Amino acid sequence: MNALPSEIDFSAPSEVVARLLIGAVLTVDGVGGRIVETEAYDREDPASHTFSGPTPRNAVMFGPPGHAYVYRSYGIHWCLNFVCREAGHGAGVLIRAIEPLTGIDVMRERRGLEPVKLLCSGPGRLGQALGITHRNNGMALTQPPFQVEAAGEAFPIVSGPRIGITKAMEVPWRFGLAGSKFVSKPFPKAQ
DNA sequence: AGCCGGATCGTCT
DNA sequence: GACGATCCGGCTC
């Protein structure tokens, strides 16, 4: 009844890709799980790193789609994005939370003993649990250590305002798997 | 359950 | 020199 998982078209608009990624399975060196929360960012988007044009930091986001854009957050965390749209556009999807499925022991080594629920619940935690660093910046998502398997079925999706931004707060480009206990924060009015 | 401050540093003004 | 696409611990209600 389910169609075979098809490849995700990263050249689509970031808000489309952000929805497609809900339910997809992401692993890094075999460690990962089901994506349950994403956020879309785009070039004409005041909340996006690319809003003010290309810089050394955001260069990867202006490169070809289907690559990893990794940035340092608050001087502490590494956050993982997938580049979208055509090369030169400057759009991407922030991976905010996954439901851990494989390599949970490795995640615990990296993050310490804590409930599975919290291992990848938020972009900083996810980055640490999956071992993401600046070395992953610019890497193709079709090549090791990355593996992205598209969802084989349509998952129920909720949406709402993005987290932790101060601009374009009215844009509802945060997406989540409806009812998931692994999202970083509840969605307004959802379920 | 919710608010507050500290940690920590690359990036851009 | 200021500011984060954040997390965590400690405190209060």
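Bear in mind the structure is a predicted one, so any value in this text is a computation, not a measurement. Lettering follows sequence order; numbering is per chain, from 1.
- Of the candidates B:dT8, B:dT11, C:dC7, B:dT8 carries the atom nearest the A:Ile76 side chain, counting heavy atoms from C-beta on.
- Base pairing annotation: B:dC12 forms a Watson-Crick or G-U wobble pair with C:dG1, both donor-acceptor distances under 3.5 Å.
- Using a 4.0 Å heavy-atom cutoff across all strands shown, A:Gly124 reaches sugar-phosphate atoms only and no base atom.
- In this entry the distance linking CD1 of A:Ile163 with P of C:dT6 reads 8 Å, nearest Å.
- Summarising the geometry, the separation between CZ on A:Arg72 and C1' on C:dC7 is reported as 13 Å, rounded to the nearest angstrom.
- If you measure from atom CG of A:Leu119 to atom P of C:dC8, you get 10 Å, rounded to the nearest angstrom.
- In terms of modelled atom types and a separation under 3.5 Å, the side chain of A:Arg174 and the main chain of A:Pro161 share no donor-acceptor contact.
- Atom CE of A:Met61 is separated from atom P of C:dA5 by 12 Å (rounded to the nearest Å).
- Donor-acceptor pairing under 3.5 Å is recorded for the side chains of A:Glu37 and A:Ser184.
- The aromatic rings of A:His134 and A:Trp78 lie tilted to each other, with the angle between the two planes from 30° to 60°.
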Worked verdict on A:Val116 versus A:Arg108 for side-chain contact (heavy atoms from CB on, under 4.5 Å): CA-CA 8 Å; A:Val116 174; A:Arg108 281 218 169 96; 3.4 Å; yes
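- Counting only distance, with no hydrogens or angles, the side chain of A:Arg125 and the backbone of A:Ser121 share a donor-acceptor pair below 3.5 Å.
- Remark: nothing in residues 167-177 of chain A comes within less than 4.0 Å of DNA chain C through any heavy atom.
- Rounded to whole Å, atom P of C:dC8 lies 8 Å from atom CG of A:Leu118.
- Judged by distance alone, with hydrogens and angles left aside, the side-chain atoms of A:Arg34 form a donor-acceptor pair with the main-chain N or O of A:Gly23 at under 3.5 Å.
- Under the 3.5 Å distance criterion, the side-chain polar atoms of A:Arg85 are left unmatched by any main-chain donor or acceptor of A:Ser14.
- Taking atom NE2 of A:His49 as the reference point, atom P of B:dC12 lies 10 Å away to the nearest angstrom.
- For C:dC7, the OP1/OP2 oxygens have no side-chain nitrogen or oxygen of A:His77 closer than 4.0 Å.
- At least one side-chain nitrogen or oxygen of A:Arg125 sits closer than 4.0 Å to the OP1 or OP2 atom of C:dC8.
- Using a 4.0 Å heavy-atom distance criterion, A:Ile165 is classed as a sugar-phosphate-only contact.
- Checked by distance alone, A:Tyr71 brings a side-chain donor or acceptor within 3.5 Å of a matching partner on the base of C:dA5.
- Residue contacts shown for A:Arg162 are absent, as no nucleic acid heavy atom lies under 4.0 Å away.
- Distance from the side chain of A:Arg111 is smallest for C:dC8 among the nucleotides B:dT11, C:dC8, C:dC7.
- Atom NZ in A:Lys185 sits about 13 Å away from atom P in C:dA5, given to the nearest Å.
- Between the OH atom of A:Tyr74 and the P atom of B:dG6 there is a distance of 15 Å, given to the nearest Å.
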